[in-house]
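The figures that follow rest on heavy atoms only: side chains count, while hydrogens, waters and symmetry mates do not. Throughout, protein chains are lettered first and strands after them, A, B, ... in sequence-line order, and every chain is numbered starting at 1.
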2 protein chains.
Amino acid sequence: MTGILVVDDDPHLLKALRITLQAHGYSVETAPDGRSALLAATRNPPGLVVLDLGLPDMDGAAVLRELRRWSSAPVLVLSARHGSADKVDALDAGADDYITKPFGLEELLARLRALLRRAPDTAEAPTVTTAEFTVDLGQRVVTRNGESVRLTPTEWSILELLVRNPGKLITQQQILSTVWGPAYAKEANYLRVYIAQLRRKLEADTGNPRHLLTEAGIGYRFRP
Amino acid sequence: MTGILVVDDDPHLLKALRITLQAHGYSVETAPDGRSALLAATRNPPGLVVLDLGLPDMDGAAVLRELRRWSSAPVLVLSARHGSADKVDALDAGADDYITKPFGLEELLARLRALLRRAPDTAEAPTVTTAEFTVDLGQRVVTRNGESVRLTPTEWSILELLVRNPGKLITQQQILSTVWGPAYAKEANYLRVYIAQLRRKLEADTGNPRHLLTEAGIGYRFRP
DNA sequence: CGGTATCTTGACGGATCCTTAACGCCGGTG
DNA sequence: CACCGGCGTTAAGGATCCGTCAAGATACCG
């Protein structure tokens with residue numbers, strides 16, 4: 001769910017945009033002026049910014065330049081001014097697109113899609129590290145002592161579930177029903193086999209596991 | 001010096017754009033219709049495309065889609081049509097910007113700068129190298145032992161997808177749906193055949209692949 | 001219209017993975 | 001101390017998946 005920051009001093013337009021964008025699956029934040037826009041962007045970095053040029057407190061271009069000092073998020077500029085010089089200034093100040101009011105919502109949405117299509121994936125590649133091995137959830141690689149470890153699909157599913165909830169206790173039923181499906185919630189045998197295989201591949205001392213811990217009678221837990 | 005391909009059926013506009021763009025330091029190629037545009041783009045991949053929607057031989061959107069099959073260069077669409085639906089269609093077909101005729105040259109140039117600012121540097125070598133072969137993503141050329149390797153379009157699509165994500169595991173569904181389309185997500189047979197062909201052309205020991213690795217039950221992975 | 005390159009489809013042996021069962025260990029319980 | 005349930009380990013069978021090959025279908029080009 002991409003986060004969009006909408007900056008405009010017209011409350012009606014702000015409300016309309018918020019509703020429309022949220023209806024299309026975006027997470028929306030709004031700001032009525034430049035100062036609060038920069039504050040909001042710092043507090044919760046957006047994936048895209050819709051910026052009106054006519055703000056009460058500061059020049060839109062100034063907001064743009066300030067934002068560009070640290071953010072590379074795409075910026076779509078709204079403006080009531082049709083002049084060529086205004087467009088050139090905004091685009092050269094770091095804006096990625098420029099449309100004039102009044103505009104069609106469909107066009108705005110299409111331009112947002114085009115901009116987001118280009119944007120580098122803000123989706124971070126989480127990689128969990130322990131003293132003995134590292135799990136790269138993005139690349140789907142497990143490394144131990146510098147060498148990559150071969151995991152079967154089932155082994156990976158279990159490890160991923162545990163690693164995505166570090167320190168948290170996952171019940172056997174949870175593992176079984178997410179990996180094999182709800183119908184297999186009673187097959188605790190499977191788990192014993194696969195946990196053993198994971199330990200053999202990842203733990204130094206399989207007898208005394210340090211990261212893949214078992215809670216007798218309940219489930220398992222991953223300790224970083 | 002970035003290469004720009006300008007596609008328009010109006011000779012006067014073509015000439016004016018060529019002169020203006022060259023004056024601003026771009027290298028310009030022109031095409032009067034869709035067919036020759038695709039040909040020119042294949043022969044000399046441009047860093048950006050300016051595309052008129054009203055072409056004599058084929059629909060502009062069709063040219064766009066065909067181009068997008070292999071090129072990720074930014075596309076700026078020109079059109080005489082102001083309708084919202086036209087803009088949405090073009091943008092969703094893969095265009096990055098859309099301006100209506102008549103337009104100001106200054107605005108066009110500013111929008112080109114904004115697009116090129118985002119585009120991955122074609123100047124830097126988008127070429128991936130392994131111990132045994134090199135893949136030039138810009139020129140669409142694969143070299144092995146100093147000799148260029150002939151790849152079919154399908155082979156190239158698969159290799160490109162894998163090479164653009166080095167070390168990352170790509171599932172069979174991902175490959176099938178990006179290369180053949182989402183409807184073919186179940187045809188794992190195709191993959192087996194084409195992966196075998198790629199290995200025969202690129203790997204020294206087909207039985208022990210060193211770069212095109214298979215992850216049983218999941219997908220494939222490219223190791224640099 | 002003929003020829004070439006490419007894509008699709010099917011079949012087979014071999015490798016990998018999942019399932020299942022059996023056995024030993026440990027801690028708790030009566 | 002004997003019993004028992006839960007867990008770890010191992011290995012064998014069967015199911016699934018993969019690599020390979022080749023023939024037929026299709027698209028492309030002169």
Using OP1 and OP2 only, check whether a side-chain N or O of [X] sits under 4.0 Å from [N].
| X | N | value |
| --- | --- | --- |
| B:W180 | C:dT8 | yes |
| B:Y190 | C:dT9 | yes |
| A:Y194 | C:dC18 | yes |

**Asked** Base, backbone or nothing for each nucleotide of nucleotides 15-30 of chain D, written B, S, -, heavy atoms under 4.0 angstrom, 5' to 3'?
**Response** --SBBBB---------
In whole angstrom, give the distance that lies between atom [atom1] of [X] and atom [atom2] of [N].
| X | N | atom1 | atom2 | answer |
| --- | --- | --- | --- | --- |
| B:K201 | C:dT6 | NZ | P | 7 Å |
| B:L198 | C:dT6 | CG | P | 13 Å |
| A:N208 | C:dC25 | CG | P | 17 Å |
| A:L213 | D:dC7 | CG | P | 14 Å |
| A:E187 | C:dA21 | CD | C1' | 13 Å |
| A:Q197 | D:dA11 | CD | P | 12 Å |

Side-chain H-bond candidate by donor/acceptor type, [X] with [Y], under 3.5 Å:
| X | Y | value |
| --- | --- | --- |
| A:Y184 | A:S177 | no |
| B:T206 | B:R199 | no |
| B:Q174 | B:T171 | yes |

**Message:** Check A:D97 with B:R111, please: is the shortest side-chain N to carboxylate O separation under 4.0 Å?
**Reply:**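 Result for this pair is yes, salt bridge flagged.
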**Request:** Flag the pair A:K201 and A:E155 as a salt bridge only when some basic side-chain nitrogen lies within less than 4.0 angstrom of an acidic carboxylate oxygen.
**Result:**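 A salt bridge links A:K201 with A:E155.
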**Message:** Taking the side chain as everything from C-beta on, heavy atoms only, tell me whether B:L64 gets closer than 4.5 Å to B:V75.
**Reply:**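 Touching, per the 4.5 Å side-chain cut-off.
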**Request:** Heavy atoms only: give me the nearest B:L5-B:A41 pair and the separation to one decimal.
**Result:**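 For B:L5 and B:A41, the tightest heavy-atom pair comes out as CD2-CB, 4.0 Å.
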**Qualifying ring-ring contact (aromatic ring centres under 6.0 Å, His included) pairs with a residue from residues 193-221 of chain B, counting only residues at least two apart or across chains** =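 For residues 193-221 of chain B, and leaving out neighbouring residues, the ring-ring contact (aromatic ring centres under 6.0 Å, His included) pairs sorted by first residue read B:F133-B:H211, B:W180-B:Y194.
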**Message:** For the backbone of B:A204 and the side chain of B:E132, can you confirm whether one donor and one acceptor N or O come within less than 3.5 Å of each other?
**Reply:**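 Judged by distance alone, yes, a pair lies under 3.5 Å.
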**Message:** Can you list, in residue-number order, the parts of residues 148-170 of chain A that come under 4.0 Å of DNA chain D, counting heavy atoms only?
**Reply:**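 By residue number: none to list.
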